[in-house]
Amino acid sequence: MINIFDEGRDALKEYSEKHKKDKSREMYVYHTNNKELKIEERNWIGVRKYG
């Protein structure tokens, strides 16, 4: 845990600031109303181009 916030927008703001400093670091913003921490890892398939 990095920090606790009363407002979700404050958590996302700090996430954005930390992510800009080190984009290789994985971080998650998670609401404490959730009883369990469930994070599903997905494989990156890249950006699709249509048209």
Side-chain angles (χ1 to χ4, degrees):
M1 183 180 342
I2 294 174
N3 211 337
I4 298 170
F5 301 91
D6 292 327
E7 297 291 330
R9 67 178 169 269
D10 295 334
L12 292 174
K13 182 179 176 183
E14 183 163 327
Y15 165 85
S16 178
E17 292 169 1
K18 290 188 181 301
H19 184 67
K20 284 179 187 176
K21 291 179 183 176
D22 186 359
K23 293 185 181 188
S24 67
R25 187 174 175 194
E26 290 195 34
M27 293 176 279
Y28 302 92
V29 175
Y30 213 74
H31 198 284
T32 54
N33 279 350
N34 298 301
K35 294 184 183 213
E36 292 183 36
L37 181 63
K38 293 182 182 179
I39 298 172
E40 180 181 331
E41 186 174 344
R42 297 184 193 176
N43 291 328
W44 174 252
I45 58 171
V47 177
R48 295 181 182 155
K49 184 175 181 179
Y50 296 100

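A quick note: this is a predicted structure, and the numbers were derived from the prediction, not measured.
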List the atom pairs, with distances to 0.1 Å, where a side-chain N or O of residues 28-40 and a protein N or O form a donor-acceptor pair under 3.5 Å, not counting sequence neighbours.
residue, atom, partner, partner atom, Å
Tyr28, OH, Glu26, OE1, 2.9
Tyr30, OH, Glu36, O, 3.3
Tyr30, OH, Lys38, N, 3.0
Tyr30, OH, Lys38, O, 3.4
His31, ND1, Asn33, N, 2.9
Asn34, ND2, His31, O, 3.0

Mind listing the side-chain donor-acceptor pairs of residues 3-14 below 3.5 Å, one per line with the distance, residues two or more places apart or on another chain?
residue, atom, partner, partner atom, Å
Asn3, ND2, Glu14, OE1, 3.3

task: List the atom of His19, the atom of Arg25, and the distance in Å for their closest heavy-atom pair.
output: ND1-O, 4.3 Å
